[in-house]
Amino acid sequence: MGYTTIRAGAQDEFIERRSRFIGHILPVQQEEQAVAFIEQMRQQYWDANHNVYAYILREGNLRRYSDDGEPQGTAGIPVLEVLQKEGLTDVCAVVTRYFGGILLGGGGLVRAYTHGAKIAVDAAERVSMCECRTLRLVSDYGLYGKLNYLLPQFGILTLNADFGAAVTLTLRIRQEQQPGFEKKLQEISAGGIVPEVLQEGFAEMPEV
């Protein structure tokens, strides 16, 4: 089962009744990374009134948030709900607020923190991750043409190609595509090409 995250950190900001809200988002994979990012934002915006955060991690199925001094339920939960609604995993969002002297009220805070998280999400590039395997296979030059024609049919990504005495390819394939690919591989090579699995895990793949 795949999931969606972001490629790199992003941020955006807006003013609401003189309060400045800055939304930040970063891809993270471990809680330590999320905590380090939150601390970095606190240090960078040390003079802000609030640094509200939320993060969702695939590892341990973690969901955490903090209102950071705002009235309970008006800040951290709205930020978390944006991440959940957008279907993002392995991300940490921090919404910084510089108070402008005008109270927003509970509903106004919810709307402002929701918007702060949403504009950060919208500023980021989404990435679809899927369960993949990295394979290595060795082919003679006579079969390389057929092999090259076969790879795009299974949405296979070529990570490396070494043209020595034989052609050695390092490939990334979706797990669910591997059985079909290996069957076709056996057909075109009469069983002569047997791929070696180098590693498996989640990775970015182009659409098939």
Side-chain angles (χ1 to χ4, degrees), residues 1-10 24-38 53-65 79-94 117-118 120-139 143-163 166-208:
M1 177 130 180
Y3 66 95
T4 303
T5 187
I6 60 171
R7 187 179 300 281
H24 322 261
I25 192 166
L26 187 78
V28 292
Q29 293 181 319
Q30 286 89 34
E31 189 165 24
E32 293 78 13
Q33 293 174 322
V35 170
F37 176 57
I38 293 161
Y53 69 80
Y55 55 88
I56 298 176
L57 298 177
R58 190 171 51 86
E59 186 179 87
N61 195 29
L62 279 181
R63 283 164 171 72
R64 298 277 190 272
Y65 66 87
V79 173
L80 180 65
E81 286 179 343
V82 168
L83 301 182
Q84 292 179 151
K85 185 177 179 183
E86 296 293 322
L88 295 175
T89 301
D90 281 356
V91 291
C92 179
V94 178
K118 183 68 166 68
V121 168
D122 290 345
E125 182 185 353
R126 295 168 188 255
V127 177
S128 294
M129 307 291 281
C130 58
E131 288 184 280
C132 300
R133 287 198 173 118
T134 302
L135 309 177
R136 179 192 289 133
L137 55 87
V138 180
S139 165
L143 285 173
Y144 178 63
K146 288 183 179 180
L147 192 55
N148 216 24
Y149 176 75
L150 188 63
L151 300 183
Q153 296 178 35
F154 292 89
I156 294 172
L157 196 63
T158 301
L159 303 178
N160 188 56
D162 181 19
F163 298 93
V167 182
T168 303
L169 299 177
T170 306
L171 310 170
R172 182 183 293 156
I173 185 172
R174 288 177 171 81
Q175 275 192 24
E176 70 269 17
Q177 294 278 16
Q178 187 179 350
F181 172 63
E182 290 191 352
K183 183 180 177 184
K184 285 285 188 183
L185 198 58
Q186 192 172 32
E187 290 174 6
I188 67 168
S189 69
I193 300 177
V194 179
E196 174 192 0
V197 178
L198 299 181
Q199 68 180 79
E200 55 183 68
F202 283 92
E204 181 185 355
M205 285 292 285
E207 294 299 321
V208 180

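All values reported here derive from a predicted model rather than from experimental measurement.
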Indicate every side-chain donor-acceptor pair of residues 187-196 with a distance under 3.5 Å to a residue at least two apart or in another chain.
from: S189; atom 1: OG; to: L185; atom 2: O; distance (Å): 2.7
from: S189; atom 1: OG; to: G192; atom 2: N; distance (Å): 3.2
from: S189; atom 1: OG; to: I193; atom 2: N; distance (Å): 3.1
from: E196; atom 1: OE1; to: R136; atom 2: NH1; distance (Å): 3.2

Extract all donor-acceptor atom pairs below 3.5 Å that involve side chains of residues 80-94 and protein atoms in other chains or at least two apart in sequence.
from: Q84; atom 1: OE1; to: R63; atom 2: NE; distance (Å): 3.2
from: E86; atom 1: OE1; to: R126; atom 2: NH2; distance (Å): 2.2
from: D90; atom 1: OD1; to: R58; atom 2: N; distance (Å): 2.9

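Residues satisfying the side-chain hydrogen bond (donor to acceptor under 3.5 Å, both in side chains) criterion with E125, sequence neighbours excluded, are R7.
Ring-centre distance between Y55 and F37: not below the 6.0 Å cut-off.
The side-chain heavy atoms of F181 and L150, taken from C-beta on, include a pair separated by under 4.5 Å. A 4.5 Å side-chain heavy-atom check between L135 and L198 finds every atom pair outside the cut-off. Side-chain atoms of L62 and R64, non-hydrogen and from C-beta on, do get closer than 4.5 Å to each other.
Between the CG atom of L171 and the CG atom of L159 there is a distance of 7.0 Å, given to the nearest 0.5 Å. Rounded to the nearest 0.5 Å, atoms CD (Q178) and CD1 (I156) are 9.0 Å apart. Between I56 atom CD1 and T5 atom OG1 the span is 10.0 Å, to the nearest 0.5 Å. Atom SG of C132 is separated from atom CD of Q175 by 7.5 Å, given to the nearest 0.5 angstrom. Taken to the nearest 0.5 Å, the CG atom of L143 stands 12.0 Å off from the CG atom of N148. Rounding to the nearest 0.5 Å gives a distance of 6.5 Å between CD of E176 and SG of C130.
Annotation for F163: atom CZ counts as buried by contact number, over 12 foreign heavy atoms lying within 6.0 Å.
Side-chain atoms of Q33 come within 3.5 Å of backbone atoms of Q30 as a donor-acceptor pair (strictly under, hydrogens ignored).
Listed here is the closest heavy atom pair of G9 and P27: N-CD, 3.7 Å. Shown here for Q177 and F154, the closest heavy-atom pair between the two residues is OE1-CD2, 3.4 Å. In plain terms, the two heavy atoms of A10 and A120 that are nearest each other are CB-O, 4.0 Å.
Put simply, the residue from R133, R174, R172 that forms a salt bridge (Lys or Arg N to Asp or Glu O under 4.0 Å) with E200 is R133.
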